[in-house]
Amino acid sequence: MPDETDPDTLSPRRKRLLFRAWHRGTKEADLMIGGFVKRNIAGFTEGELDELEAVLELPDVDLADWLSGRRAIPAHVTTPMLERMALECGGTGAGVPPELR
C-alpha cells in the first residue's frame with residue numbers, strides 16, 4: 001500500500017501545496033507549517049485545500065507568531081484551517097522533527 005504522504009502519490013495540487021508549506025522562508029515556519037501539511041495533506045477535502053491555499057498566502061512572520069501562540073490570530077484572518085493549524089502547531093515541540101524530540 002503506498003504512503004499517502006509520499007509526494008509521488010499526491011495530485012499535482014497537493015504536491016504544490018506541500019512544497020509551498022515546506023518552503024516558507026524561515027526554518028521555524030517550514031517545520032510547523034510543512035509538518036502540519038505533510039501529516040494532513042492526503043486527507044484534505046477540496047474545500048480544505050482552498051482554505052490551506054489562503055493560509056499559505058499570509059505573511060510568514062505572522063503565521064509563525066500565530067501558530068506558536070506568541071500572538072493571537074486576528075479575527076479578520078481566522079478560518080477553520082488556521083485554527084486547526086494553530087491547535088496542532090501550538091503544542092510544545094510542534095516544530096521539532098520527531099527524531100529530535
Side-chain angles (χ1 to χ4, degrees):
M1 183 169 144
D3 178 1
E4 291 180 0
T5 60
D6 178 2
D8 293 333
T9 64
L10 296 174
S11 70
R13 182 182 189 193
R14 290 174 198 271
K15 285 180 192 180
R16 186 183 80 252
L17 289 170
L18 183 60
F19 180 87
R20 285 182 63 199
W22 277 112
H23 297 84
R24 299 291 307 166
T26 64
K27 193 63 170 176
E28 179 182 30
D30 288 352
L31 291 171
M32 284 190 299
I33 298 165
F36 171 83
V37 172
K38 181 179 180 182
R39 288 186 298 274
N40 296 288
I41 192 74
F44 285 154
T45 64
E46 291 299 314
E48 289 170 326
L49 293 176
D50 293 341
E51 286 186 46
L52 178 60
E53 285 178 330
V55 168
L56 293 178
E57 292 297 322
L58 296 169
D60 199 47
V61 173
D62 290 334
L63 275 175
D65 283 350
W66 298 333
L67 297 179
S68 67
R70 286 188 295 259
R71 290 191 295 141
I73 302 170
H76 71 279
V77 296
T78 299
T79 64
M81 178 61 68
L82 190 52
E83 288 177 341
R84 180 176 171 186
M85 290 174 78
L87 181 65
E88 190 172 316
C89 294
T92 302
V96 179
E99 63 273 9
L100 298 177
R101 285 188 200 163

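The figures that follow rest on heavy atoms only: side chains count, while hydrogens, waters and symmetry mates do not. Since this is a predicted model, take the numbers as computed values, not measurements.
- In this structure, Arg24 contributes its side chain and Leu56 its backbone to a donor-acceptor pair below 3.5 Å.
- The shortest distance between side-chain heavy atoms of Trp66 and Pro74 falls below 4.5 Å.
- For the side chain to side chain contact (heavy atoms under 4.5 Å, CB included) test with Val55, the passing option among Val37, Leu82, Ile33, Leu67 is Leu82; the others fail.
- Within the 4.5 Å cutoff, the side chain of Ile41 has heavy atoms near those of the Leu49 side chain.
- One finds a salt bridge joining Glu48 and Arg84 here, because a Lys/Arg side-chain nitrogen approaches an Asp/Glu carboxylate oxygen to under 4.0 Å.
- One hydrophobic cluster, built from ILVMFWY side chains closer than 4.5 Å, cannot hold both Val61 and Val77; they sit in different ones.
- Shown here are the salt bridge (Lys or Arg N to Asp or Glu O under 4.0 Å) partners of Glu53, two or more places apart in sequence or in another chain: Arg13, Arg16.
- Looking at Glu88 and Asn40, their side chains come closer than 4.5 Å, going by heavy atoms from C-beta outward.
- Taken together through direct or relayed side-chain contacts under 4.5 Å among Ile, Leu, Val, Met, Phe, Trp and Tyr, Leu87 and Met32 form parts of separate hydrophobic clusters.
- Under a hydrophobic clustering in which Ile, Leu, Val, Met, Phe, Trp and Tyr are joined whenever their side-chain heavy atoms come within less than 4.5 Å, directly or via other members, Leu63 and Phe19 fall into different clusters.
- In terms of heavy-atom proximity, Asp60 sits nearest to Gly25 at OD2-C, 4.1 Å.
- Two residues are said to be in side-chain contact when any heavy atoms from C-beta on lie closer than 4.5 Å; Phe44 and Leu17 fail this criterion.
- Here the CG atom belonging to Asp50 is positioned 8.0 Å from the OG1 atom belonging to Thr45, to the nearest 0.5 angstrom.
- In this structure a side-chain-to-backbone donor-acceptor pair under 3.5 Å is missing from Arg71 to Asp65.
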